[in-house]
Amino acid sequence: MRWLALLISGPMLWAFLFSLIYALHGWACAGGSGPEGLDGGARMLLIGVWVLGLIAFIPLLRLAPSGQERHQRLPRMAVWIGLAATIVTLFPVTVITSC
Amino acid sequence: MTDIPTPAAASARADSVHVAPAPAQRALALHRDLTRVWRNDRGLWGQITAVNHTTLGLRFMGTALVFFAIGGILSMLIRAQLATHQGAFLDTALYNQIFTMHGSIMMFLFAIPMLEGLGIWLLPKLLGTRDMAFPRLTALGYWCYLFGGLIMLTALLFGVAPHDGWFMYTPLSDATHSPGINADVWLLGVTFVEISAVAAAVEITVTILRQRAPGMKLTEMPLFAWYMLGTSAMMLVGFPPLIAGSVLLELERAFGWPFFDPTRGGDPLLWQHLFWLFGHPEVYIIFLPAAGVMSMIIPVMCRTTILGYGAIVAAILALVFLSFGLWVHHMFTVGIPHMALAFFSAASVLVAVPTAVQVFAWIGTMWKGHPQLHLPMYHICGFFLTFVMGGLTGVMLAIVPFNWQAHDTAFVTAHLHYVLIGGFVFPMMAAATYWLPLITGKARIRGVGEAAFWVILLGFHGTFFIMHLTGLMGMPRRIDVYPDNPEWVWLNLTSSIFSFVLTIGFAMFVLDLILQATLGQRTRRDPWDAPTLDWAMPVPSPSYNFASLPISRHLGQSARDAVLSLARGEGALAGAARGRRELLVTSVGVARPHHVAILPGNTALPLYLSASIGVFVLMMLAGQYRLAALALVPVGALIWVWARGMAPAGDLRAVEVAPNLNLPVHHCAQHSLARTGLAAVLVADGTLFVSLLFGVAFLSVVTPATPPPAAGADTVTSLVGLGVIGIALVLAALVGRLNTRSAAALGLGANLLALAALLWLAFSQMDDPTAHARDALRAAVAGYVGLHMLVAAAMAAFVLDQFRRGEITPQTQGALGAWQMWQHFTTAVALLAALVLIAQVGVS
């Protein structure tokens with residue numbers, strides 16, 4: 001079970017960050033940011049959560065087993081999947097401001 | 001056999017994945033013994049009481065095929081109507097019913113049951129076991145599927161079928177705009193059918209995790225099992241949002257609770273979110289098993305091994321998760337903020353990567369092997385051509401500006417048919433032609449199948465490739481008549497003509513199956529020289545699959561080498577000496593032998609239970625809500641009877657599984673299949689709860705809604721009530737660990753006290769749920785928690801009864817573990833619900 005937990009930890013972290021940032025974004029937009037974009041504080045909050053999320057992958061990468069056996073490689077690949085998904089799907093917080 | 005061990009001692013007993021082979025026995029004697037124990041009863045009653053996975057898997061697939069034919073006939077009616085621009089073949093009302101039913105049937109009554117049926121039929125054979133984890137649940141799922149489907153079909157015959165599209169968008173489907181029972185048929189019928197989907201997901205998960213042959217590690221199991229594990233996990237998380245949405249919409253229609261009514265604080269977009277939270281993962285739920293079929297058949301057809309096993313497993317994992325981050329791409333045009341559009345657009349593009357990894361792995365496998373063009377390979381080629389095109393148009397639709405242009409046009413219709421027929425129907429046809437010898441014991445007759453493939457391929461692309469153009473030229477979806485635009489008229493007529501060609505092709509395919517089953521010559525064992533365990537058995541497959549269960553030495557052999565050894569009883573748990581249905585339960589990771597599960601025999605209980613649920617559904621449809629509540633009494637009574645069937649009884653001594661390996665029966669073991677199954681149920685249940693909380697958050701924060709009326713609740717009184725509930729539930733959770741009769745009695749009392757406090761709060765403090773969506777959602781969350789308290793109380797009462805009967809002893813736990821798990825879950829959701837509702841008051 002521990003192996004399975006490790007296997008899904010990276011994608012789970014992505015899912016958590018994706019949900020959290022989407023929710024925060026909705027909350028910020030509903031909280032008064034106009035159609036021209038998020039105000040500075042809300043934008044920094046989103047970027048901050050994203051960066052913290054990326055940092056949170058570091059301990060996961062360290063926890064992932066080393067070695068080239070399949071049961072060792074798979075958890076490592078899964079963490080990288082989560083990290084890549086976090087970078088690609090949430091990078092818009094840095095460049096798009098519109099509500 | 002040895003004495004009855006305690007659960008802890010039983011867990012410590014098996015410490016190796018290596019099981020010694022048993023001495024050979026007479027194969028015929030084993031076969032007779034096993035057939036006597038595992039076969040269905042005779043006659044029609046025998047079919048009704050069957051719980052065997054082979055019977056039910058085939059029945060699922062056969063029924064799904066019938067629904068596919070019905071859905072196909074409806075599509076013919078649609079294309080006949082659209083063949084000319086002012087078609088008078090159908091009137092608008094009937095056309096709306098037909099296109100709604102076409103989509104609903106193909107999704108809920110064909111694709112999902114077909115993949116469930118394939119998994120139920122194939123997985124035990126592939127993993128080296130004799131049945132699914134919960135055979136009665138398999139049967140219950142089938143009956144719920146059948147009855148739910150029949151309700152929907154009957155509604156179509158009587159002209160009251162759903163007519164708001166397979167997505168049932170509000171406000172089209174609310175009581176104002178859809179006043180008859182049409183929308184109720186969809187909401188209740190589909191939810192009824194979904195019982196089978198969740199049931200299948202639970203037992204597929206448990207079977208893969210706990211019933212693999214000893215030594216078959218997770219990282220070495222056949223790829224189809226990985227695909228089905230991903231699928232079942234997605235079903236456990238993907239279906240609850242739709243169930244939550246359907247229940248909320250039915251509550252709105254039946255009782256006026258305004259979750260989706262913007263004039264009373266609701267929002268139609270909440271429905272879209274809940275629907276597509278299910279609806280997009282649904283595409284991958286359908287695709288993954290089909291991809292699993294590809295990963296099984298391609299290496300065999302190419303006489304090699306799969307390329308990139310690890311990369312494919314990683315791709316499955318990526319698809320399972322990423323597919324839950326795409327749902328908003330179905331809502332790009334509803335006015336989503338730009339940044340959110342970018343999140344979902346990026347995720348929608350990214351999901352193409354793991355899909356492509358699999359496609360390249362399959363191409364690489366063909367490249368390194370020696371492909372042989374047998375009939376399954378034809379359909380695999382059809383998959384590549386069709387699915388890759390559908391995938392590419394999917395990437396186009398992931399790009400927001402293009403999506404805005406193509407949204408709700410025939411282009412999207414073409415795309416989804418390329419994905420679903422390419423990504424599901426072609427692989428399923430490959431699967432049918434590949435595994436039919438194992439079902440019928442017959443070899444196929446050459447000619448018809450190949451011709452059917454070419455006709456289907458031609459008919460499909462002739463119908464739907466052209467539809468891309470029709471859509472790009474601006475023709476909307478779901479319209480029954482259209483203007484006399486020359487550029488639309490000829491394209492539509494051409495699509496209609498080819499759609500009939502497609503239907504002829506499918507008819508030829510079915511004819512090929514029938515010819516093989518009836519006129520084909522007897523086939524030899526393992527006709528494809530496949531290496532997997534599904535072929536390491538006689539053809540057609542017997543009801544028990546394996547005379548003895550495969551052990552480590554069989555996993556390294558080809559199916560042809562393993563089959564005789566297994567038939568002679570040289571594996572584990574040979575024969576049926578104790579005259580009961582037994583299978584081996586193993587550990588999750590490395591498949592270490594853990595205990596022996598005793599499965600129930602043939603029974604009509606699943607039929608009775610699904611029929612009683614059906615009565616509840618029919619009462620709801622008829623608007624007889626009091627009678628519907630009454631109909632839940634037999635449901636509860638039958639569930640009690642069902643649980644009684646799981647009570648410890650008979651010979652509970654440890655079983656000799658193999659030389660020098662005695663294992664306890666499941667009544668005496670910790671971590672039984674039921675425990676794993678309940679954990680899976682709670683994952684689905686928890687997702688349902690989170691879906692409700694999503695509704696609370698969405699309507700509280702995002703929606704610029706009509707302000708709610710002033711709350712009538714007294715703060716101090718409400719907090720006292722919540723405090724009583726919290727203390728009672730925490731007490732129930734704590735006493736559950738004590739394993740005594742008095743603790744069970746205390747747990748029962750605590751749950752009843754919490755339930756009484758909740759009812760008192762609901763009737764004295766909560767505002768009218770019909771006034772505003774905020775109050776409606778609070779009532780819905782309170783109802784969810786209350787239902788769980790009621791179940792927790794019933795489980796505590798059941799445990800108390802087991803203590804009274806002497807069924808809970810130091811050796812046997814009975815239902816104690818299940819009650820404890822449920823009680824902890826109930827306590828956690830109740831506390832969380834209270835915190836969220838208090839926070840919501842703060843936000844308001």
Side-chain angles (χ1 to χ4, degrees), chain A residues 1-5 7-19 21-31 33-38 42-43 46 50 68-82 84-99, chain B residues 209 217-220 226 229-230 233 237 273 277 309-328 335-351 353-354 357 587-590 671 676 679 690 694 697-698 700-705 843:
Chain A
M1 285 305 282
R2 185 178 176 277
W3 185 86
L4 266 185
L7 187 71
I8 63 171
S9 61
M12 281 292 283
L13 180 56
W14 164 78
F16 173 73
L17 291 169
F18 191 80
S19 309
I21 289 179
Y22 180 49
L24 285 174
H25 165 256
W27 178 66
C29 286
S33 293
E36 70 282 359
L38 293 169
R43 183 174 153 77
L46 293 182
W50 182 54
Q68 291 306 311
E69 293 294 318
R70 190 182 284 160
H71 70 275
Q72 296 165 323
R73 274 187 295 128
L74 273 173
R76 212 163 56 239
M77 289 163 82
V79 178
W80 281 107
I81 287 168
T86 304
I87 293 170
V88 172
T89 61
L90 295 175
F91 86 94
V93 295
T94 61
V95 293
I96 297 178
T97 58
S98 301
C99 279
Chain B
L209 291 180
K217 297 177 184 170
L218 267 182
T219 49
E220 291 170 3
W226 268 111
L229 185 60
V237 179
H273 278 294
L277 262 167
Y309 180 106
I312 290 178
V313 174
I316 295 167
L317 189 70
L319 280 178
V320 166
F321 279 88
L322 284 175
S323 65
F324 283 95
L326 316 181
W327 82 91
V328 169
I336 300 284
H338 283 182
M339 189 183 282
L341 292 181
F343 296 155
F344 289 96
S345 180
S348 304
V349 173
L350 187 63
V351 80
V353 175
V357 166
S587 64
V588 173
V590 295
H671 309 299
T676 313
V690 172
F694 173 80
F698 186 81
S700 302
V701 177
V702 176
T703 307
V843 171

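First the proteins, then the strands, lettered A, B, ... as listed; each starts at 1. Nothing here was measured: the structure is a model prediction, and the numbers come from that model.
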Novice: List in chain and number order the residues that pass side-chain hydrogen bond (donor to acceptor under 3.5 Å, both in side chains) with B/T676, two or more places apart in sequence or in another chain; answer none if no residue qualifies.
Specialist: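 Result, side-chain hydrogen bond (donor to acceptor under 3.5 Å, both in side chains) vs B/T676: B/R210.
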Novice: For B/L350, is it the side chain, the backbone, both or neither that has a heavy atom under 4.5 Å from a heavy atom of chain A?
Specialist: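 The answer is the side chain of B/L350.
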Novice: Please round to the nearest 0.5 Å and tell me the distance separating atom OG1 of A/T89 and atom CG of B/L326.
Specialist: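 These two atoms lie 10.0 Å from each other.
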Novice: Is the gap between the ring centers of B/F344 and A/F18 under 6.0 Å?
Specialist: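 Yes - the distance between ring centres of B/F344 and A/F18 falls below the 6.0 Å cut-off.
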Novice: Please flag which part of A/L4 lies under 4.5 Å from any non-hydrogen atom of chain B: side chain, backbone, both or neither.
Specialist: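 It is the side chain, since no backbone atom gets that close.
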Novice: Relative to chain B, which segment of A/W14 carries a heavy atom at a distance below 4.5 Å: side chain, backbone, both, or neither?
Specialist: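 Contact with chain B involves the side chain of A/W14 alone.
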Novice: Please round to the nearest 0.5 Å and tell me the distance separating atom CZ of B/F324 and atom OG of A/S19.
Specialist: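 If we round to the nearest 0.5 Å, B/F324:CZ and A/S19:OG are 11.0 Å apart.
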Novice: If you tally heavy-atom pairs under 4.5 Å against chain A, which of B/L218, B/V351, B/L322 wins?
Specialist: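 Heavy-atom pairs under 4.5 Å are most numerous for B/L322.
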Novice: Could you tell me which portion of B/L341 (side chain, backbone, both or neither) has an atom closer than 4.5 angstrom to a non-hydrogen atom of chain A?
Specialist: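 Neither the backbone nor the side chain of B/L341 comes within 4.5 Å of chain A.
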Novice: Considering non-hydrogen atoms only, spot the tightest contact between A/M77 and B/G310 and give its length.
Specialist: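 Smallest interatomic distance, heavy atoms only, reads CE-O, 3.9 Å.
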Novice: When heavy-atom pairs shorter than 4.5 Å are enumerated against chain B, which of A/I21, A/V95, A/V88 gives the highest number?
Specialist: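 Going by pairs under 4.5 Å, I would pick A/V88.
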Novice: Between A/V93 and chain B, with a heavy-atom cut-off of 4.5 Å, which part of the residue counts as in contact: side chain, backbone, both or neither?
Specialist: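 Answer is both: backbone and side chain atoms of A/V93 are under 4.5 Å from chain B.
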Novice: Working to the nearest 0.5 Å, report the span between CD1 of A/I96 and NE2 of B/H338.
Specialist: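 Here the interatomic distance stands at 9.0 Å.
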Novice: Identify which one of B/V590, B/T219, B/V588 satisfies the side chain to side chain contact (heavy atoms under 4.5 Å, CB included) criterion when paired with A/W3.
Specialist: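 Considering B/V590, B/T219, B/V588, a side chain to side chain contact (heavy atoms under 4.5 Å, CB included) with A/W3 is found only for B/T219.
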Novice: Under a 4.5 Å heavy-atom cutoff, which of B/S348, B/S345, B/G589, B/A340 has the most pairs with chain A?
Specialist: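 Counting heavy-atom pairs under 4.5 Å, the top option is B/A340.
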Novice: Between B/F343 and A/H25, how do the two ring planes meet: parallel, tilted or perpendicular, split at 30° and 60°?
Specialist: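 Rings of B/F343 and A/H25: perpendicular, as their planes differ by over 60°.
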Novice: Would you mind reporting whether B/V313 and A/R70 have side-chain heavy atoms less than 4.5 Å apart?
Specialist: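 A/R70 vs B/V313: side chains apart.
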Novice: Does any backbone or side-chain atom of B/V353 lie under 4.5 Å from a heavy atom of chain A? Answer side chain, backbone, both or neither.
Specialist: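 Nothing of B/V353, per the 4.5 Å heavy-atom cut-off to chain A.
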Novice: Between CE of B/M339 and CZ of A/R43, what distance do you get to the nearest 0.5 Å?
Specialist: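 Interatomic distance, B/M339 CE to A/R43 CZ, rounded to 0.5 Å: 6.5 Å.
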Novice: Can you name the side chain to side chain contact (heavy atoms under 4.5 Å, CB included) partners of A/I87, sequence neighbours left out?
Specialist: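 With sequence neighbours excluded, A/I87 shows a side chain to side chain contact (heavy atoms under 4.5 Å, CB included) to A/L54, A/L83, given in chain and number order.
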Novice: Can you tell me how far apart CG (B/L317) and CD1 (A/I8) are? Round to the nearest 0.5 Å.
Specialist: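 It is 8.0 Å, given to the nearest 0.5 Å.
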